[in-house]
Amino acid sequence: MEESGSVDSVESLCSSTTTRSDRSSGPRVSDTELRSKAKAVEKVYKDPSKDELPLLPEELVQDSAKDVTYICPFIGPVRGSLTVTNYRLFFRCTDREPVFGLDLPLGGLSRVEKIGAASSRGDVSYGVVCKDMRNLRFVHKEPEDSLKKSVFEVLMKFAFPVSNNMSLFAFEYKQVFPENGWKVYDPLAEYKRQGLPNESWRISKVNDHYELCDSYPATLFVPVTITDEELRRVSSFRAKGRIPVLSWIHPESQAAVVRASQTMVGQNGRRCKEDEKLLQAIMDANAQSHKLFIFDARPSVNAAANKMKGGGFESEDAYQNAELVFLDIHNIHVMRESLRKLKDVVYPNIEESHWLSNLESTHWLEHIKLILAGALRIADKVESGKTSVVVHCSDGWDRTPQLTSLALIMLDSHYRTIRGFQILLEKEWLSFGHRFQQRVGHGDKNHTDADRSPIFLQFIDCVWQMTRQFPAAFEFNEYFLITILDHLYSCLFGTFLCNSEQQRLKEEVPKRTVSLWSFVNSQLEEFVNPLYVHYPSHVLFPTVGIRHLQLWVSYYIRWNPRMRPQEPVHQRYKELLAKRAELQKRVEELQREAANRMASSSSERAGSPTRSITPVQTFV
Amino acid sequence: MLSLGSGGAKSTKPSFVSYVTPEEIKSEKDPPKQEKHPDLLPGEVEFCSANPILKYTQDDLSQRGVFGTLFCTNFRVTFISDEKPQEKTDKTFKNKLYGENDIPLMCVDHIYGVYDEKRKLITGGLVKNKYPSKMIIHCKDLRVFQFSLTFSKEEDAKKIFQGIAHHCLEEKSLKCVFAFSYMGTPSPEMQWKQETVMFDSPEDWTQEMKRTKANCRLVTENENFELSQRLPKYFVIPLTIGDLFSYQGKGLPIWCWSHYSGCALFKASFPPVTQEDGDFQKHLDTMINAVAHNHLYSVKTEDLSESLPNIQDIQQSYNKFKQFFLIENSTDFWLSDVKWFSSLESSGWLDIIRQCLQKAVEVVECLEKDNTNVLITEEEGTDLCCVISSLAQIMLDPYYRTLMGFQSLVQKEWVAGCHAFLDRCNHLHQKDKEYHSPVFLLFLECVWQLVHQHSPAFQFSETYLTVLSDSVHVPVFSTFLFNSSHHRESVMKAESPLAQSGPLSCPTVWDWSVQFDSKAQNFFFNPLYLEKVKHDRAVRKPHKPKHQRNLSLPSTAFKTPPKKGFFKDETDSLKKMLRVKRLSRWRGSPDAPAATTREFFESWQHRPLDYHGLLLPCLDGPAVHIWMQRYLRWIPEVYILGGGSVAVMTKLMELLSQVQDLKRVLEQRDSSQAAKLDHRPYFQHRLLSFDSSGRLSSSFPFAYTCYRSFKPIIPTGLMQSLMVTDSLASQEDEASSVVSFV
């Protein structure tokens, strides 16, 4: 086994991983080429001597400027040229060794602004705040021709197309992939996999045209004993009409995971007998248990405060046999603030002497712990208690999908495969209306929007924590998770656009854009965890103690060159794959050799014990 | 398993309420009343015992436990359950000397007694009065045992308590250590020990000098410890040192390792201070000249007692740190989980680890980049000097990253190098705290960081390091029992005629077969280790220090010292600096010692990684981790069933074993070709494979979960854990949410 080279040089570090998408269109680069730094450069820029930018289909250069200085917090000022296309920002400096480059999709920009006035030397400074935990700073000379627009004005225009009445690049990008990712999720097929419909659960067409609830999917599973008319009544009692519907059903015990939004109890303690009946029906659908657990993701104080605004939670009087549990997870604003603090702590510099207490003061891992702990309790009730559960928060589109999808990952090994995970995201997050457009603010310049919040990032972080604890239980690797997060912001693919299934259909997103899964599934080997072992029936119960939670360094601190892992993790994985392939080859060779030897020696040593050799199993 | 309810009221601090009197229990168990006794090791003697004693299970608050007999012997405290041993599977990783219910006396850290609900630290004084209802034992390997003494007869309870307290806490003489009673027969499979270079003969040193191409002089004049009792029996010094006796055993620069360029690393204790000023000067002169003379007349010195925490600081920090892992119940666990990071930080332990690694990197930089000789000094020259020189050697020399190499390194720098193990580990429970310090553990911690960051570079696994750190407190091995070579020799010599059968049979710790059978020893090997490729076409490139050109930052802060002719000046100023005891850093600005090594690290990081070349650790905050396996292995709250790094290792070991199976098959067939097997042991393939029986916990191979129910551990008291004092928390849940009443 050869040692790997450390591949990253500054440019591949700073370039966003999205550059990989354009590589997929060209010839694939073999591993060996990754070894030397010089070649890695060649890979990104086809020829370092030419100023050639590998453009994506329909990507157009909008403006470029020479003599721009990028003030790198790690290596100091770097002078080079800046190019803005309708998809990305591209900065390059060839003067230095190694060649320095920045390549990031404009979708990842949260804010672009001029810093201070022009200095005496005629320099203008711009700050770029990114959604992916970094800030960039550029300085360039005030153009002599004052009429000419600065490249940054162009940048601002294309970074926030929605605010400028333009369409997102995803609607222009016309790359064709061998796989069509929009076909990954078929609700009926997914529910069928779970054994649905069955004698207790039926499909309801009540939301076929999104008239019951515009943020819910068209396909809903509800108990057979509840009529569509009753569902309509329930919808007026649940916030945003998000009625309790089935998310997942245990293949053996028939315990169900049901999701909803809060009840509109209000200060007067309103009740809705159809809602009570529905929850009773959910409980009755599971013969194993005569109890129902309702998990309210919020802290009880917040849940109670919601009563002032008409919301609230299920009272134990109205819902006999139901037990209400609060999971103490805070709201989107707390999470946003926590991530902001985290960014302060990790970017650009890490204060050595107070690293741990600084990390603690962000509460980020504390939130992760609470979310995981909540999901763990849900999974435990379903698996060990064989009890059905209802999960909700306020609207049921932030904390609820975090909890249900994590619980589902723990309970169902299918969701730990690459395709299964895609289905999980399509189902729990996209079809059930997590408000991606609002939470991420695609193409919107209003960076202070209080609706933005890293809810989905937090969920992916939780998944990452689980992959750390169970390194062989997930088919995908860390790079898969990072890729998802990068394209959450990139606006290259249509997957994470809009707020709901209804909106996506209205915008014809599946028709007009490419799915992230098309890209991913066309080069699966990049995302495969070589250590993966498929155990169909294993339930994962992660440890939620903060001692076992780690900060996801290779995501949050990936821009810091010192914190780069010696070899990027996916590289290491690939190496392991190669190692295994090599071992397998050796095994086969030896087997063949052994067979030959046996054949040749069998004449003299007949009946020598034949050892059966189990071939090395492949799980890829 | 007997379960005892804790009364109706649930209190956070559970108090033990029993509805069963001891008599009842006795009568229950009476018919098969059979005296149980521990299987004694050869030479082990039972002191006292008591029955019935309740041993609490650690995993929850329910105050459940197992009844049994508690024994105290001259080797250990041991608990034998009254229940039939329900060994489902024989453990693959069983320690032959002590089991999960045994505590070697030396391994006892603290004993607490619970008197009327109050927990008191047991010291000599308390023992005389009365015995506590509950005895809590904290072990140095971080296990926690809790025994209830209320069920047995008063005199038994008193006796066992006093016996344990006496044998574990009272100051005793070295002769009382079990190693001197242990009559274990030397095992036949001693090959491991033999492959470890013990550095107890001139040949070992000559060999080592040859291996590193050192140009130094082997000193044999101390064979009978005439030079000094604090110096090793054999050691190596720079060629130019003349009269050894004038040193009075102090301030001799002792060779540690030579870089391929010719420069070398030396360590020294401070020259004798009783000398007149002039003599002191002269000593310094010769000391530094001699080192400088070794190669190109350049030298850098580093006074470790100036730049690193002293041994008391280390001790204090570790004492704080270990408390976070001595968990007595789940409430404790979840409470401490809340302020976990700031608690860790306040202990300073990780910071000390970082500082040591940092210092080692500085030394490495001098040797590797500047090719200057390095002399590290310290009062005794046998504490932090050992840490830093060993670490530097591990970073520079891939040989020390193999298992045999590592063991040889420990022999060279620590055992032969006269680290005062006996005092530092406080094996004899001396009251004088000044000399205790977990210096060797600190070294292992630093090595663990390297192993954690660069796993493929090391032949040994973290399990090996954990076991080694435990073995320090197993009073059977000669390795960790003495303060110096002289001490070892004199004790052993005095001791051997007393032993009935020839020489004292005191094995070295490297004879792992004393503790583990060969199957278990497989866990010592890292399946990720990349062995050096033999068909090496590519020339070894790691040792080409041409990376300076890669430096990306302006590096005017220092220049490599001019080579010749500079000698005089340099030593002059050095002398001055040494005298005032402040040359924390020889070059560069003293306030930012990390800056240049940072640069060194970055330039190293930019080059392709070679696991058989130079290895440097990343020392930024997020890169320094806790040695999870060692510290968390006994805490059920953090077990990950079916997960943890065990899952990866298992997978890899499986794969490797399959390949090795095939190799063996071939070799069996081809007996004519007497090719020697590579001495990496053959990974048992059945050993670790995931059977249907299931899943190992992350604390494997140390703790087992087979008897534990498959139940997730859910934190208690979720709410109190989050101290968000923001107004945000109370802000409306979703900013845009417009509540509509329908």
Side-chain angles (χ1 to χ4, degrees), chain A residues 1 3 5-6 75 236 299 302 305-306 309-311 328 330-334 337 350 352 355-357 359-360 363 366 370 373 376-377 380 384 394-395 450-451 469-472 531 538 541-548 551 553 557 562-563 566-567 580 583 586-587 590 594 597 611 613 616, chain B residues 333 337 340-342 344-345 454 530 533 552 602 605-611 618 620-623 632 637-645 647-648 651 655 658-659 661-663 665-666 669 711-715 718-719 721-722 724 726 728-737 739 741-742:
Chain A
M1 177 76 212
E3 297 86 25
S6 92
I75 60 170
S236 65
N302 296 37
N306 260 283
K309 293 172 279 162
D328 299 330
H330 280 277
N331 65 28
I332 60 167
H333 313 294
V334 174
E337 182 59 14
I350 298 161
E352 205 86 310
W355 159 244
L356 289 171
S357 50
L359 178 63
E360 186 172 275
H363 293 294
E366 195 73 52
L370 284 169
L376 183 67
R377 295 180 109 183
D380 176 45
S384 321
S394 294
D395 290 319
D451 265 330
Q469 295 192 17
F470 302 96
L531 299 167
H538 277 185
F541 288 136
T543 295
V544 298
I546 215 120
R547 290 163 173 85
H548 259 315
L551 184 72
V553 169
I557 323 188
R562 291 174 56 79
M563 285 313 299
Q566 276 313 309
E567 358 173 71
R580 193 173 65 181
L583 289 174
R586 271 165 72 190
V587 169
L590 289 170
R597 274 159 201 268
R611 279 187 66 172
I613 291 134
V616 183
Chain B
F333 176 85
D337 208 48
W340 176 240
F341 290 116
S342 45
L344 269 188
E345 189 175 283
H454 305 290
L530 286 174
V533 203
S552 46
E602 275 165 18
Q605 199 188 22
H606 275 282
R607 285 175 296 152
L609 180 62
D610 176 5
Y611 285 119
C618 175
D620 290 53
L632 298 182
E637 277 78 4
V638 292
Y639 290 171
I640 310 169
L641 192 61
S645 56
V648 178
K651 195 87 200 310
L655 208 63
Q658 282 165 343
V659 171
D661 254 354
L662 284 157
K663 268 192 190 164
V665 171
L666 276 182
R669 273 165 219 271
K711 210 179 112 226
I713 289 125
I714 291 166
L718 277 175
M719 191 52 199
S721 64
L722 193 61
V724 180
D726 266 323
L728 285 173
S730 50
Q731 205 172 322
E732 190 178 302
D733 266 8
E734 323 294 337
S736 66
S737 84
V739 182
F741 289 91
V742 186

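Quantities reported herein were computed from a predicted structural model and do not represent experimental measurements. As a basis for the values below, the full set of heavy atoms in this structure was taken, side chains included, without hydrogen atoms, waters or symmetry mates. So that the names make sense, note that chain A is the first sequence line, chain B the second, and so on, each numbered from 1.
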Between the CD atom in Q469(A) and the OH atom in Y639(B), the distance rounded to the nearest 0.5 Å is 15.0 Å
Do you know which of L344(B), D337(B), L632(B) has the most heavy-atom pairs under 4.5 Å to chain A? D337(B)
For L641(B) and F470(A), which heavy atoms make the closest approach, and how far apart are they? O-CE2, 3.2 Å
Straight-line distance of W340(B) CH2 to H548(A) NE2, nearest 0.5 Å: 10.5 Å
Nearest heavy atoms of Q605(B) and R562(A), plus distance in Å: NE2-O, 3.4 Å
Work out which heavy atom in G621(B) is nearest to a heavy atom in E352(A); give both atom names and the distance. N-OE1, 3.1 Å
Looking at side-chain heavy atoms only, is the closest gap between V553(A) and P622(B) below 4.5 Å? yes
Please round to the nearest 0.5 Å and tell me the distance separating atom CE of M563(A) and atom SG of C618(B). 4.5 Å
Is any side-chain heavy atom of T543(A) closer than 4.5 Å to a side-chain heavy atom of E637(B)? no
Could you look at I546(A) and say if it's the side chain, the backbone, both or neither that has a heavy atom under 4.5 Å from chain B? both
